[in-house]
Amino acid sequence: MPQSGPFVIPAAALRKVSGTTRRVRASGRIDDLALLGVAVPAGADVAVDVTLSSYPGGVMAVGSVSAPWEGECRRCGEPVLGVVEVPVHERYLVRGPGAVPDRTGAPDRPDGPDEDAYPLEGDLLDLEPLARDAVLLELPLAPVCRPGCRGLCPQCGADLNSGPCACAEPVDPRWAALDALRDGEGGGLP
Ligand SMILES: [Zn+2]
Ligand SMILES: [Zn+2]
């Protein structure tokens, strides 16, 4: 675990008295936040806004994580931008030396009830893994540029949002016959 950085929070004062709460806002860059072509832009910050509250053996973090993302419309390929705002409700638990001995009897038991908690090491708490997990879970898997995007023509690749392409209405003899009928019906009218 890093010893400093925008997401590393000193938690000694918080943990001194159980039940202490503190609001923390942190923001910074997190590398490699990407999933199937949707990514948090390289220069963009992820923001964490949580209230930390201590309890015996751990710290609870409740609040939200937000980050901008960019991707391509799954239908037409145009760039799409968005923002995820993810509610978080996570625990940090003391691991290793300093762990509360009677918490589970086996603090590192992988299948224990605390396997999804984040580690609290020494007096430092790192919000980055929490922020990373929250954003990755929330990035859209198939973003679209707008709800009614028509996408690209599968034949010629034209963007159907800017109008029908040449192959949009294939010449079909049946249609031609209908057109002929229609012309015939309308023939006698002004
Ligand atoms: Zn689109
Ligand atoms: Zn086409």
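Each ligand, and each atom within it, is numbered from 1 in the order the structure gives.
- Side-chain contact between Val24 and Val48 is absent, with no heavy atoms from C-beta onward closer than 4.5 Å.
- Judged by distance alone, the side chains of Asp133 and Tyr118 do bring a donor and an acceptor atom under 3.5 Å apart.
- For the pair SG of Cys165 and SG of Cys153, the angle whose vertex sits at the Zn ion (ligand 2) is 110° to 10 degrees.
- In this structure, Pro143 and Trp69 have side chains that are in contact, with non-hydrogen atoms separated by less than 4.5 Å.
- Shown are the protein N/O/S atoms under 2.8 Å from the Zn ion (ligand 1), given by residue and atom: Cys73 SG, Cys76 SG, Cys145 SG, Cys149 SG.
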Quiz item: Do Arg132 and Asp32 pass the salt bridge (charged side-chain N to carboxylate O under 4.0 Å, His left out) test, and can you show the C-alpha distance, the side-chain angles, and the key distance before you say yes or no?
Solution: CA-CA 9 Å; Arg132 170 185 293 280; Asp32 303 323; 5.6 Å; no
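- Panel note: side chain Glu85, backbone Val83; no donor-acceptor pair is recorded below 3.5 Å.
- Panel note: side chain Arg22, backbone Ser54; no donor-acceptor pair is recorded below 3.5 Å.
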